[in-house]
Amino acid sequence: MAQTLLISGTDTEIGKTIVTSALLAYWQRYRSHERIAVCKPVQSGPGDREWYSQVFELQQSPETLNPLYYDLPLAPPLAAKRAGQIVDLLPAWQAIQQLQTHSDWVFVEGVGSLGSPVTEELIVADLAKDWRLPIVLVVPIRLGCVGQSVAHIALARQFGLDIKGIVLNATGVLSTEEIQQWAPIDMIQALTQVPVIGQVPHLSDPSNQTVLAEVASGFDLEALGSLSYTANLV
């Protein structure tokens, strides 16, 4: 059974795609004997699925890369409503199941944050719980980083999620002093009781797979452990 991981975050546009890309690049470069896949279950507006298709050579169909797509860059239930539809998660779950049968690792990139709505009734944390997805939480390095880490780990615990670790991401060019002041690792770990397993520097060319792989090689990948994957379909 494939090992499956949800890469979630504290907001939109904070580095989930870069962290997922770093993991993909690492596996393709250093663990090429293992079959990998990526899934963006729900996407609103162009972005992630186009990125993965352009940057990586993926051995999977477009339907499994992004099973649910809506044209407008809004929260999925709002984008679906504007299109005269509702969000039916069954194709997304079926895509993940299909990827599992052919892969050793499946990286699932969430939409927005753990608290972002996926349907009128469900948020990302609901999917992580119901689909039994262990998570890595991506947190941007900026003022408020500590509070966002604490709040989202508390939300994850409220839902009983399996939290593998936190990855800090520099969304812009930052000084060493700014990084240390805004994202004090010891404080984040002490307040959340979750390990910070990696840090992503600002990347001038985030499509450079060699650089991405080197970034992920600095992660504590052992923290991901041997992940099990069972699910209750919502």
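In this chain, residues are counted from 1 in sequence order. Computed from a predicted structure; not experimentally measured. Excluded from the calculations below are hydrogen atoms, water molecules and symmetry mates; all remaining heavy atoms, backbone and side chain alike, are included.
- In the displayed structure, Q181 atom CD is contacted under 6.0 Å by more than 12 heavy atoms of other residues, nucleotides or ligands.
- Using a 4.5 Å cut-off on side-chain heavy atoms (C-beta onward), L114 and L161 make contact.
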Name the atoms and distances for all side-chain donor-acceptor pairs under 3.5 Å in residues 73-83, with sequence neighbours left out.
none

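- Here the closest non-hydrogen pair linking L168 and A183 is CD1-CB, 3.9 Å.
- Listed here is the closest heavy atom pair of P67 and P91: CB-O, 3.8 Å.
- The shortest side-chain heavy-atom distance between Y52 and T20 falls under the 4.5 Å cut-off.
- Considering only heavy atoms from C-beta on, Q193 comes within 4.5 Å of R157 through its side chain.
- Listed by chain and residue number, nothing satisfies the salt bridge (charged side-chain N to carboxylate O under 4.0 Å, His left out) test with K16 (two or more places apart in sequence, or in another chain).
- Contact annotation: the side chain of V146 approaches that of P184 to within less than 4.5 Å [non-hydrogen atoms, C-beta and beyond].
- Every side chain to side chain donor-acceptor pair (under 3.5 Å) that S21 has, sequence neighbours left out, goes to W51.
- Taken from CD in Q3 to OG in S103, the straight-line distance is 11.5 Å, to the nearest 0.5 Å.
- Cluster annotation: F219 is connected to Y30 through the hydrophobic network of ILVMFWY side chains, with a link wherever side-chain heavy atoms come within less than 4.5 Å.
- In summary, of the residues considered (L23, I7, I197), a side-chain contact (heavy atoms from CB on, under 4.5 Å) with V167 occurs for I197 alone.
- The shortest non-hydrogen separation linking S116 to S113 is OG-N, 2.7 Å.
- No continuous path of hydrophobic side-chain contacts links V42 to L72 [ILVMFWY only; heavy atoms under 4.5 Å].
- Minimum heavy-atom separation, Q199 to V215: O-CG1, 4.4 Å.
- Side-chain atoms of L6 and V124, non-hydrogen and from C-beta on, do get closer than 4.5 Å to each other.
- Legend: residues meeting side chain to side chain contact (heavy atoms under 4.5 Å, CB included) with S61, ordered by chain and number and at least two apart, are E63, T64.
- Of all the heavy atoms in R49 and L65, the pair that sits closest is O-CD2, 3.5 Å.
- Every residue meeting the side chain to side chain contact (heavy atoms under 4.5 Å, CB included) condition with T192, not counting sequence neighbours, appears here in chain and number order: S149, V150, I153, I166, I188, V194.
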Q. Can you check side-chain hydrogen bond (donor to acceptor under 3.5 Å, both in side chains) on Q85 and Y70, steps first, answer last?
A. CA-CA 9 Å; Q85 304 174 34; Y70 304 100; 4.7 Å; no
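- Linking Ile, Leu, Val, Met, Phe, Trp and Tyr residues whenever their side-chain heavy atoms come within less than 4.5 Å leaves L122 and I86 in two separate clusters.
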(Q) Test side-chain contact (heavy atoms from CB on, under 4.5 Å) on E214 and R29; report intermediate values, then the result. (A) CA-CA 9 Å; E214 289 304 312; R29 184 177 181 88; 4.3 Å; yes
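- D104 has its side chain out of reach of W27: every pair of non-hydrogen atoms, C-beta onward, lies at least 4.5 Å apart.
- Between I18 and V200, the closest heavy-atom pair is CG2-CG1, 4.1 Å.
- Atom-to-atom distance recorded for L174:CG and Q180:CD is 11.5 Å, nearest 0.5 angstrom.
- D11 places no side-chain N or O within 3.5 Å of a backbone atom of I14 that could act as its donor or acceptor partner.
- A heavy-atom distance below 4.5 Å is found between the side chains of V38 and L24.
- Atom CD1 of I96 is separated from atom CD of Q98 by 11.5 Å, given to the nearest 0.5 angstrom.
- The distance from the OG atom of S32 to the OH atom of Y26 is 11.5 Å, given to the nearest 0.5 Å.
- To the nearest 0.5 angstrom, H102 atom NE2 is 8.5 Å from R35 atom CZ.
- Linking Ile, Leu, Val, Met, Phe, Trp and Tyr residues whenever their side-chain heavy atoms come within less than 4.5 Å leaves Y69 and L127 in two separate clusters.
- For the pair K40 (side chain) and G110 (backbone), a donor-acceptor distance under 3.5 Å is present.
- Ring-plane geometry between W105 and F107 is classed as parallel, the angle between the planes falling under 30 degrees on a 0 to 90 degree scale with a further cut at 60.
- Take E50 and apply the side chain to side chain donor-acceptor pair (under 3.5 Å) test, not counting sequence neighbours, and it matches Q43.
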(Q) Apply side-chain contact (heavy atoms from CB on, under 4.5 Å) to residues V136 and L224 and explain how you reach the verdict. (A) CA-CA 9 Å; V136 165; L224 303 184; 3.8 Å; yes
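- When side chains are defined from C-beta on, D220 does not count as touching P195, because their heavy atoms never get closer than 4.5 Å.
- A distance of 9.5 Å separates OG of S44 from CG of D71, quoted to the nearest 0.5 Å.
- Not a single donor-acceptor pair under 3.5 Å links the side chain of N169 to the backbone N or O of P140.
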